[in-house]
Amino acid sequence: MEIRIKNLNKDYFSEGKKITALSNVDLTIPANKIFTLLGPSGCGKTTLLRCIVGLETPDSGEIAIGDDVVWSKDRGILVPPERRGLSMVFQTYAIWPHMNVFDNVAYPLQVRNEPKEQIRRKVEETLRFVQLEGFENRPATKLSGGQQQRVALARALAPEPKVILFDEPLSNLDAKLREETRKELRSFLTKLQITAVYVTHDRIEALSLSDTIAVMRTGRVVEVGTPKEIYFGSEQRFVVDFVGRTNLVEGKVARIENHVTLIDTPMGTITCQTQIDPPLGSTVTVSIRPEFIRVSEGESKKETNTFRGKVESLVFVGDAYEGEIKVGETRLITRIEPTANIKEDDEVGLHINPGQCSVLLR
Amino acid sequence: MYRIRTILTPGLIAIVAFLTVCPVVMLLLGSFSEGLGTLGGFTLAKYIKSYSDPALTEVITNTIVFTLGSALVATVLSLFMAYLNTRTNIPFKFLFQIIPIIPMMIPHILFAVSWVLLLNPSNGLINLVLKEILNLKESPFNIYSLFGMILVEGLLDLPIAYLTIAPAMSSFDVSLEESSKVCGSSNLRTLLKITLPVLRPAILASIILVVVRSLASFAVPSAIGMPGRIYLFSTHIYRIIATGFSADYGMAAAVGMSALAASITLIFVYRYLTSEVEKYVTVSSRGYRPTLIDLRKARYPLFAVVGLLSFVLVMLPVLVLLYTSLVPYSMVPSLKAFGMMGWKHWSAVLKDPISLLSLKNSVFLGIVGATIGIVLSIFIAYTVVKVRTAASGVLDFLSFLSFSFPGIVIGVGFMWFFVRTPLYATVWALLIGYIATYLPYGIKPLTSAFVQIHRDLEDSSRVCGAPILYTLRRIIVPLLIPGIVSGWILMATMFVRELSLSVVLSRPGTEVLAVQILRFAEDGLWGKLSALGIIMIFVSTTLVILASLIGAKFTKVRKEG
């Protein structure tokens, strides 16, 4: 089911100060896709999710789920959470400690007064789906973190909702388990053909899990796109910086020809391919992601975007070296092959593909 | 269903405001009225009469000495016990956990009476024994004195003082002390220069709490004070309404106003201080146990002191009552005494229609009252902790207010109200009064239980499609069971032994246990009193055990289900 959000606003008052949680949020969340709200803490992503589910009430605007308007300030519509027919997985899992696994998962079905036999069958199916068969009679609190997470997921899936909401569901798991669960979750959700709205501050989670990402900042949605569009194509400094590590170099637009822009920077002239031509002479920022800077030992070929620099520091992080290279007065972070024969203080050559330099306008 | 949430807070405010504001307003109106029949006709006569009474000066002096004295006794004893428990290697520490629950087991009136039985000048057991051994003509002790009252009240209020001081003591930042010792101070010097000053807010809070409680106390002033003609505020009011030819409720209200004002002021100071205590506590150590001070040779002697104190608090009253209920008249325990023991008093009590009626009423009030009270407390605690609007702040304030109410004063206020309703002289009048006065005791354990229930547990139920009442029934109430059980026990035991409110509101036909015991004490019927007292302790203890069993069963079924 599609979710349409129109001009949503919400302010909080905390100790007399007004805090804007949501500001003119317009968003259409497509049906049967995984949609992620990504942003730093306090950007309003959780508030937006809680507004969709009905646990919080916006100050103004409209929210429609499928064909039903569930909240509209102007039309005076407020559907309480229990009648929105959604499911949600909480950050804390919100597993009821006084019930066993079966009762936790069966709860939404019991609320709907479904026949006992049908409930038993559905719970069994759902537990099998999340690979928790045979756990029915375990007290829910005696499970491990990953298992509790799957109980929470099973409870959300059991009533076969059209929309499922996730509020940072993986943030309480340790790193390795988080990675596994992320992959599992992706495969569960793809199999089910369900609209999933996922809130996270973790860029890797957002990039690897989502069909679409909406990046939020201080109560506003600043950019919406596929993971690739967001990662490579963003022209906003905040987004580029937030979704991955990058080098930001300031410069002036010197020349433009056929979507190729030459920018004068302290480290030299950088050639960039751009979608939209920036105005000549304007000050812009060039973003170069560390993984796209090719570092070579010794002399390098004379190509476009070739620079020379000195290795300032070199840190071995396992799958690569993280090298800080000084080109003129500009420091660039790079990723260097772990097998490369490079030491600190070495003179190295750097090559950057013009297609992988993005010019940021804002 | 959504509407329930919106009417919940105003509805509760209306109920709690009725329970707390109504008696206060009626008391105020009553104090300006001529008599129970003429409410509203404004007159200052009662104030002039009561405050120009020459006896009042003595009452005020007595009350100040009594309340401060008891506060001092209770606080010093609790400091001593809490320090020994949390900071030293004293043996048998489990004893310290029993102390706070003692007051639930032994009603205050019985505790006071048992000391009368031990130390009264004419036939107190200890006095009789000492006279015999030491060949004295005069009894060495006289309980009917301000000093005796202070001692007994101090022991009675020891639990609340201990519950205020012990947590502060155990979460005390030990590094403060350690740095003092590094600077070369001895243990004792550190205690005096560092530990006690840092604990000052907790100590002050404890003193104020005991002052408020002893100001409201009626058991000790009536059982010990009145026979010795030592009158305090509470017994002065009682004297005005219950003795003599005409009960003057206007004058009682006028006197009550100042007791109420003092009490409310103190309780706000207390509230401020406890928030200070929390400030002091939260900055402290991160969960490591303080190093215990080795008491070495003092270990067992100090334990003997604590053991004696526990014996005096728990066993002695029960033993004295049991003994007195079995012997035909007061006599020193001897072979002869044991030979003369019999069930005379017991059968007399069990045949006495008023005693049986009071037993029936008290059991009814305990069970039904505590149940209604706890249901109300659940809703209030929910609104205060979970709904958290400005209105729920009002609710929190109102329900806390009754914490300061001295029972007899509030009883007079309710009297002015009930006289105008068909509830007058019914058991329901008592029930409403009890709930109004003891509501904070039900709310407190439930508030802490609600705080522990994460909001997500409730939210996720609503997202699952459960309306608010369904959520309440299936998620919140089961998780609250421990809080509900302890709140219920607290309320039920308090209702069973309730005295100070009942002496005003109890009428012929609505006698309750504690009032009946007071009547026996006034008439010197110690044997009957003791028998009924033992029955009373038995009833309270049964209620505690039953409630715990039901609570345990409920949680067990939930887990297996």
For residues 39-51 of chain A, please give each side-chain donor-acceptor pair under 3.5 Å, one per line with the distance, not counting sequence neighbours.
from    : atom 1 : to       : atom 2 : distance (Å)
A/Lys45 : NZ     : A/Gly39  : O      : 3.2
A/Lys45 : NZ     : A/Pro40  : O      : 3.4
A/Thr46 : OG1    : A/Asp167 : OD1    : 3.3
A/Arg50 : NE     : A/Glu56  : OE2    : 2.9
A/Arg50 : NH2    : B/Asp459 : OD2    : 2.9

Is it the side chain or the backbone of A/Arg112 that comes within 4.5 Å of chain B heavy atoms, both, or neither?
side chain
Between A/Leu165 and chain B, which part of the residue has a heavy atom less than 4.5 Å away: side chain, backbone, both or neither?
neither
Check for me whether A/Arg155 meets the cation-pi criterion with A/Trp96, that is, NZ or CZ under 6.0 Å from the six-membered ring centre and within 45 degrees of the ring axis.
yes
Using non-hydrogen atoms and a 4.5 Å limit, figure out which bit of A/Ser87 sits close to chain B: side chain, backbone, both or neither.
backbone
As an exercise: rank B/Val463, B/Ile475, B/Leu479 by heavy-atom pairs under 4.5 Å with chain A and give me the winner.
B/Ile475
Distance-only donor-acceptor pairs under 3.5 Å for side chains of residues 70-80 of chain A, two or more places apart:
from    : atom 1 : to      : atom 2 : distance (Å)
A/Trp71 : NE1    : A/Gly61 : O      : 3.4
A/Ser72 : OG     : A/Glu62 : OE1    : 3.4
A/Ser72 : OG     : A/Arg75 : N      : 3.1

Keeping A/Gln147 on the side-chain end and A/Ser144 on the backbone end, is there a donor-acceptor pair under 3.5 Å?
yes
